[in-house]
Amino acid sequence: MKRTVLLTLTLCTAALFAGGCGSSNLVSSEEASRKEAADLQEIQARIAKERKVDPLQVPIEEIQKDPKVKALGLDSPDQAAMVERALGADLESLPPVQNLTGYKKIDFADKNAAVLKYTAMKSESPAQPPTPVDFKTAFEHAQLLVYQLKITTDQGAVPPQPKQPAVKKPPMVREIFFGPVDKKLAEEQFKQAQQSPTLKIEVLKTYPASLYANDKGRVVAVVGGGYKFPQRLGGSPNMMYYRQSPEIVKKLQDESKANPKTRMPMPVQIGVATPG
């Protein structure tokens, strides 16, 4: 009995690195977002207590100076609104976060995996309307990445005043995380966006992402490479799926053209998580 348990644990530990056995140490974007909000609220309360003022009397800029906030990358002026939203969140009233226990890396060679028969929307280019295909076709060969981008926007010049020359505004520079998204599609999007002479996009770093699923067919993209901020990532248009087959989705799409009352399936957004 002891040898059997030991063997099972050994195999499961090895399988974890290959994507097998259910993973129980994933951190979802929702969990990370709530922890971040709780940390910010704790920092605000500490500063308010030290100054003997109401928490609302602590300026956002002062909270952003805290080393922990700087480590979260929330110390820039354009992040002030995000910090303020987190400070106002009523965390106790929120529903429980999604339980990611039991998720494992999707095996695209598994012919019995129900998730591979689901429908996903696939585009060959940003200009092409997405078409419904099976999940396997959409994602088996996709190279999913999260991009850390530096976006520089030329803001032009301040209109000239009487007897004064126009003054060029300093460029607006932002750093954002984008994805998960297929590398091919992302690079085409960057190329199209930079056709504007006022926009420059620099890729600072990329993080690989893999798709995991549980036995109920729910899917999350797990971002590796040391990435720590799943709460920074929004839903990418192509990172969703339908639990119906492509044949059903196409049939309903065709029927809806003649009958606007046709019931259409609801898309399921692929969540984002990181290793705990």
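Along the sequence shown, residues carry numbers from 1. Owing to the predicted nature of the structure, the values given are computational and were not obtained by experimental measurement.
Using a 4.5 Å cut-off between side-chain heavy atoms of Ile, Leu, Val, Met, Phe, Trp and Tyr, Met240 forms no hydrophobic cluster with any other residue.
With sequence neighbours excluded, the residues satisfying side-chain hydrogen bond (donor to acceptor under 3.5 Å, both in side chains) with Ser245 are Glu247. Scored by the side-chain hydrogen bond (donor to acceptor under 3.5 Å, both in side chains) test, Lys251 finds Glu255 as partners (sequence neighbours excluded). Under the salt bridge (Lys or Arg N to Asp or Glu O under 4.0 Å) criterion, Lys205 pairs with no residue at all, not counting sequence neighbours. Remark: Asp66 pairs with Arg46 by the salt bridge (Lys or Arg N to Asp or Glu O under 4.0 Å) rule, at least two apart or across chains. Scanning for side chain to side chain contact (heavy atoms under 4.5 Å, CB included) contacts around Gln57 gives Val53, Asp54, with sequence neighbours left out. Checked against side-chain hydrogen bond (donor to acceptor under 3.5 Å, both in side chains), Glu140 has the following partners two or more places apart in sequence or in another chain: Lys136. Residues passing the salt bridge (Lys or Arg N to Asp or Glu O under 4.0 Å) test with Asp39, sequence neighbours excluded: Lys35, Lys68. Every residue was checked against the side chain to side chain contact (heavy atoms under 4.5 Å, CB included) condition with Ala71, not counting sequence neighbours, and none meets it.
Within a 6.0 Å radius of NZ in Lys117, other residues, nucleotides and ligands contribute more than 12 heavy atoms. The neighbour count for Glu62 CD, taken as heavy atoms of other residues, nucleotides or ligands under 6.0 Å away, is above 12.
Taking every heavy atom of both residues into account, Leu116 and Asp134 meet most closely at O-CB, 3.7 Å. In plain terms, the two heavy atoms of Ala273 and Leu26 that are nearest each other are CB-CB, 4.4 Å. Pairing each heavy atom of Val146 with each of Gly179, the nearest pair is CG2-C, 4.2 Å. For the residue pair Ser29 and Pro230, the shortest heavy atom distance occurs at CB-O, 3.4 Å. Taking both residues in full, the closest heavy atoms of Ser76 and Gln64 are given as O-NE2, 2.9 Å, listed atom of the first, atom of the second, then distance.
Evaluation of the side-chain hydrogen bond (donor to acceptor under 3.5 Å, both in side chains) test over residues 185-197, restricted to residues two or more places apart or in two chains, returns Ser196-Thr198. The salt bridge (Lys or Arg N to Asp or Glu O under 4.0 Å) analysis of residues 236-246, with sequence neighbours excluded, yields no pairs. Applying the side-chain hydrogen bond (donor to acceptor under 3.5 Å, both in side chains) rule to pairs touching residues 217-233 yields Glu36-Gln231, Glu36-Arg232, sequence neighbours excluded.
Side-chain atoms of Ser28 and Leu100, non-hydrogen and from C-beta on, do get closer than 4.5 Å to each other. Side-chain atoms of Ile151 and Lys200, non-hydrogen and from C-beta on, never get closer than 4.5 Å to each other.
One hydrophobic cluster, built from ILVMFWY side chains closer than 4.5 Å, cannot hold both Phe139 and Leu185; they sit in different ones. Hydrophobic clustering of Ile, Leu, Val, Met, Phe, Trp and Tyr side chains at less than 4.5 Å, counting indirect connections, keeps Val133 apart from Tyr241. Cluster membership check: Leu40 shares its hydrophobic cluster with Val58, using side-chain heavy-atom separations under 4.5 Å among Ile, Leu, Val, Met, Phe, Trp and Tyr. The hydrophobic clustering, which links ILVMFWY residues whose side-chain heavy atoms are closer than 4.5 Å, places Met239 and Val268 together. Neither Ile176 nor Phe229 shares a network with the other; the hydrophobic side chains, linked directly or stepwise wherever heavy atoms of I, L, V, M, F, W or Y lie under 4.5 Å apart, form separate groups for each.
If you look at Phe190 and Tyr147, their ring centroids are closer than 6.0 Å.
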